Amino acid sequence: MENIIDILNFIWLKICQFAAFMIQLLDTGIKSIPYAFSWLSSNSLDIGVWYCQIVRWLMPVLALIILTAIIKSMLRVKNPEETWGYLKSDSLGTFPITHWESLIGKGKTCDIVIEFVTISKIHCAMIFDGINRWRVHDLSGGSDVSINGEKVSNSAEIESGDILSIGGVDFEFETISQEESSLEEKKRSYKSRTPVSPVFSISMLTVFQMLAASSLVINRPEYSIQITFSYIILAAVMWVYILVNYFGGKRGLEPEILAFFLCSLCLSVTASSSPGTLYKQLAAILIGIFIFLILSWYLRDLKRVVKTRHLMAAFTCILLAASLVFGTIQHGAQNWIYIMGVSFQPSELAKVCFIFAGAASLERLFKKRNLWGFMAMSFFCFGCLALMSDFGTAAIFFVTFLIIAFMRSGDYTTISIICCSAVAALGLMIKFKPYIASRFAVWGNAWENASTTGYQQVRTMSAAASGGFIGVGSGDGWLHNVAAANTDLVFGMICEEWGHIIAVLAVVAIASMSIFAIRVVKSGRSSYYVIAACAATSMLVFQTMLNVFGSLDMFPLTGVTFPFVSCGGSSMLASWGILAFLKAADTREGASFAVRKIRFGPKKIRVPSESVEIQDYTDEVTGVYNRGEM
């Protein structure tokens, strides 16, 4: 017995010694990193130069492989057309209900087109609340919509088995059974329809990140620990997110991978221009991912979202009003607030709230006062931004407003009047706001004012041209010495250090999100998700255009950021928040945790005297599935 105890003590002693040795080795290794890279950059300069040269050629190839794989996955799988119920007529046939919100009429724009002489162009609408209840809304104005013989004055609830009369034509309404729901899930889960596995794309992105980090450490050896730690944490968070979704059966993660790719460039820009703020930028990325997850989860419940819209509208106005009252003027715009030494831009967070409040479900679109309320909120936002002299953000808000207003009304006349009013307002802003007028005055004449108002654009264009296809190397550029190089002029900085190929691919990454949006909105379950996804995409794309073209003097320099790439916490939080609206619209099978699976409960079949609840079941003896019947 004593021998056994001695052996165990000996083994435990050796384990403790080995653990102490590993801890000491790890501590020594971490402390030696700066010295190792310092030695590499000084005593072995040729090795470091050759390594960075190889990285410069490899990075564009990796970026192209990553973007190609993501776009291929987007184009490979179409969002399936979902069936939620049927309208059955003995004389006209069966009409499937493929959306949560469906317009019914003989007009070509209706979701359910019924060509019959007594049916109006847009006669009525059927709306599903996302849980298990349907309602019918009369849009004809003639009160010729009824359920089981009872007139529908405004709206009424309808259940499976009810008779819906539209323009004198009777339809039996029937929701899909549990068996049909299971068959549709199997159909959507067919191998050719499942999204491409994200493992390859994320693996290539990890190699991209490690190469970027290593080249930055060679050029910035004094910040080697901050650079290495930041990239390792980003890669670890990225892999945890991907693997959790992957093993949870979620593979359509293209928008998130695009965002991670752009965030990798953001860390590179930060390490090159202001490495001392790397931890701060990393924290902004991590908080942005958390906001994305929370908002995506919240958007799963459409009923909850619709109830919160008015609160979000008020929050949008409060954020912009706070900037106007408590904001500090920087670079001519009063859009920064300082709290306990921390600065942020409320207008960036207001972008997320603006989309949340502006999008509307089909039920809300029926009432004109809802559109007028949205327009009143929008004009208040424009007024605040005009008083703050934040022309760039005002332009982004206005384009987003036009997209939402048109999708909510479809009225070209109203949109034309709004655009004319906007042009007149812009003229007044240029006249009474010298800061904005100077931006327009230098537009297209930057080289003539190279030492004054065109200083930033001229330096940006020169730096961008010097980068060539593969760039001069991360950390080897000089544009970061110019004011706002890592925010408003970040496209020029990417061109200079990483080359034109990666800079163009960064723009392609944002453009790819518009491709993603176009594909997902075709099968959108609710108009809320469709409008929000289109508005979010428009905001990201237009903001990117202002940043890229503004820095190259093709647009006036408006002082807006490149989504996900520019340094800054507020911009990063807003970019991840906006991405959640795109994610919530994706209904592909196994593609999004933001989409809740619908479980249909028992059906109610009406009889003259009472409603009897019938449950579909599977016979335990025969194993045959039976639909509940009388």
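Keep in mind it's a predicted model, so treat the numbers as computed, not measured.
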Exercise for the section: Verify the distance criterion only: is there a donor paired with an acceptor across the side chains of S274 and T277 at less than 3.5 Å? Expected result: yes
What donor-acceptor contacts under 3.5 angstrom involve side-chain atoms of residues 508-516, with partners at least two apart or in another chain?
| unit_1 | atom_1 | unit_2 | atom_2 | d |
| --- | --- | --- | --- | --- |
| S512 | OG | V508 | O | 2.7 |
| S514 | OG | A511 | O | 2.3 |

Practice task
Would you tell me whether E101 and S527 have side-chain atoms, one donor and one acceptor, within less than 3.5 Å of each other?
Solution key: yes
Practice task
Only counting residues at least two apart or in another chain, list the ones meeting side chain to side chain contact (heavy atoms under 4.5 Å, CB included) with S378.
Solution key: F354, F374, F382, F401
Problem - Any residue meeting side-chain hydrogen bond (donor to acceptor under 3.5 Å, both in side chains) with S273, in chain and number order, not counting sequence neighbours - result: N486
Handout entry: Contacts of type side chain to side chain contact (heavy atoms under 4.5 Å, CB included), residue M204, not counting sequence neighbours
Key = L62, I65, I66, F200
Exercise for the section: Apply side-chain hydrogen bond (donor to acceptor under 3.5 Å, both in side chains) to Q543 and list each qualifying residue two or more places apart in sequence or on a separate chain. Expected result: K351, T561
Problem - Under the side chain to side chain contact (heavy atoms under 4.5 Å, CB included) test, residues paired with A517 that sit two or more places apart - result: T537, L582
Problem - F229/L278 under side chain to side chain contact (heavy atoms under 4.5 Å, CB included): CA gap, chis, key distance, verdict - result: CA-CA 10 Å; F229 180 78; L278 263 171; over 6 Å; no
Practice task
Give every residue pair that meets the side chain to side chain donor-acceptor pair (under 3.5 Å) criterion with at least one member in residues 393-407, sequence neighbours excluded.
Solution key: D390-T393
Problem - Lys/Arg-Asp/Glu bridge criterion (N-O < 4.0 Å) met for K583, E256 - result: yes
Practice task
Could I get the full list of side-chain hydrogen bond (donor to acceptor under 3.5 Å, both in side chains) partners for Q209, not counting sequence neighbours?
Solution key: S264
Problem - For F564, ring-ring contact (aromatic ring centres under 6.0 Å, His included) partners two or more places apart - result: W576
Exercise for the section: Determine, using ring centers only, whether F581 and Y529 are less than 6.0 Å apart. Expected result: no
Practice task
Report the C-alpha separation of I104 and D111 in whole Å, then their side-chain angles, then the decisive distance to 0.1 Å, and conclude whether the side chain to side chain contact (heavy atoms under 4.5 Å, CB included) test is met.
Solution key: CA-CA 6 Å; I104 303 173; D111 301 293; over 6 Å; no
Handout entry: Test ring-ring contact (aromatic ring centres under 6.0 Å, His included) applied to F261 - qualifying residues, sequence neighbours left out
Key = F208
Fill in the blank from the handout: Those residues at least two apart in sequence (or on a different chain) that pass side-chain hydrogen bond (donor to acceptor under 3.5 Å, both in side chains) with T98 are none
Handout entry: Set of side chain to side chain contact (heavy atoms under 4.5 Å, CB included) partners for F173, sequence neighbours left out
Key = L87, I97, M126, W134, I158, T175
